[in-house]
Amino acid sequence: MSQPDVKKVTTNTLQKMKAAGQKIAMLTAYDFSFARIFDAAGIDVLLVGDSASNVMAGHETTLPITLDQMIYHAQCVVRGVDRSLVVVDLPFGTYQSNPDIALASAIRVMKETGGHSIKLEGGEEAVESIKRIVKAGIPVMGHLGLTPQSIYKFGTYTVRAKEEMEAEKLKRDALLLQDAGCYAIVLEKIPALLAKEVSESLDIPTIGIGAGMYCDGQVLVMHDMLGINIEFKPRFLRKYADLNKEITAAVEQYVKDVQSQDFPNEQEQY
Ligand code: KIV
């Protein structure tokens, strides 16, 4: 299904986009059908996020999703992609214990999915694992700010790094991740001016979610921006469609048509 003439997005492309002041568009995807639509629509980076734990599996947090489940979602997404860079989240518990375990998890993702990169959460504490994974030739995207795998440490999903101490740590962590070999960093739910300072201090691109307009790119969860998940209404979210409403109306109509025997009609049968 792959089209050889399509110019694929690589980690190098993202670097060049930052240097040229061109913004990066990233979106989550978890299956073949949506990945195919998003790829054709021009998305630069598709993130197989561990938010699959929430939006696909219905868990309250990202913690329960397993490496096998992430690998399944990533395999589905990769089959739908011609152009986008596919980034796969390492789920909670698959990289925090030590760099050997982190590398083994990253290798499984790369070998079994055909994805192009992994993403993991954390600053200083993740540096040794990042170095080990990068040394093995696997591109790593970092993730700072609100890191949902640490939700029980934070206690809430509110904006991070509003206080000076946490902001200073985040700035140091961003530089450490760049030095460790990350090719990009997600900044989640931090003040816009802090994200600006971090973005300007780095050579590698920052991708923001709830981190304002100065990041080098933006990422949203597909179910949120398409209006499938209607309960989630943070200030940073812009809804580009109201699919919950449209799907509900379509399905209600279908139920009516089946009940009234309007569907199928003579043209819709053999
Ligand atoms: O899992 C995810 O969807 C993410 C994004 C929120 C950046 O990590």
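Please read these numbers as outputs of a predicted model, since none were measured by experiment. By convention here, the first residue in the shown sequence is residue 1.
Ring geometry for Phe236 versus Phe232: interplanar angle over 60°, hence perpendicular rather than tilted (30 to 60°).
In terms of modelled atom types and a separation under 3.5 Å, the side chain of Glu197 and the main chain of Leu194 share no donor-acceptor contact. Here the side chain of Lys119 pairs no donor or acceptor atom with the backbone of Leu47 at under 3.5 angstrom.
Residues His223 and Tyr30 place their aromatic rings such that the two centres sit under 6.0 Å apart.
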**Message:** Apply side chain to side chain contact (heavy atoms under 4.5 Å, CB included) to residues Tyr95 and Ile118 and explain how you reach the verdict.
**Reply:** CA-CA 11 Å; Tyr95 62 93; Ile118 61 98; over 6 Å; no
**Pair Asp100-Arg132, salt bridge (Lys or Arg N to Asp or Glu O under 4.0 Å): steps then yes or no** = CA-CA 8 Å; Asp100 288 339; Arg132 184 74 69 89; 2.4 Å; yes
**Item:** Test log, rule salt bridge (Lys or Arg N to Asp or Glu O under 4.0 Å), inputs Glu252 and Lys256
**Value:** CA-CA 6 Å; Glu252 281 174 355; Lys256 274 192 200 139; 5.8 Å; no
**Prompt:** When you look at Met17 and Leu14, which way does the side chain to side chain contact (heavy atoms under 4.5 Å, CB included) test go after all the steps?
**Reply:** CA-CA 5 Å; Met17 287 174 79; Leu14 304 186; 4.2 Å; yes
Below 3.5 Å, can you tabulate the donor-acceptor pairs from side chains in residues 173-192 to any protein atom, sequence neighbours excluded?
residue	atom	partner	partner atom	Å
Asp173	OD1	Glu124	N	3.1
Asp173	OD1	Lys169	NZ	3.4
Asp173	OD2	Lys169	NZ	2.7
Gln178	OE1	Asp203	N	2.7
Gln178	OE1	Ile204	N	3.2
Tyr183	OH	Ser117	OG	2.8
Glu188	OE1	His143	NE2	2.9
Lys189	NZ	Tyr157	O	2.8

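The environment of Glu268 atom CD is dense: over 12 non-hydrogen atoms of other residues, nucleotides or ligands sit within 6.0 angstrom. By the neighbour-count criterion of 12 heavy atoms within 6.0 Å, atom NZ of Lys23 is densely surrounded, having more than that number from other residues, nucleotides or ligands.
Under the side chain to side chain donor-acceptor pair (under 3.5 Å) criterion, Thr94 pairs with no residue at all, not counting sequence neighbours. In this structure, the salt bridge (Lys or Arg N to Asp or Glu O under 4.0 Å) partners of Arg108, at least two apart in sequence or on a different chain, are Asp68, Glu112.
Here CG of Asp216 is found 12.5 Å from CE of Met26. Values are rounded to the nearest 0.5 Å.
Side-chain polar atoms of Ser199 and Thr206 form a donor-acceptor pair below 3.5 angstrom. In this model, no donor atom of one side chain and acceptor atom of the other lie less than 3.5 Å apart for Gln96 and Glu121.
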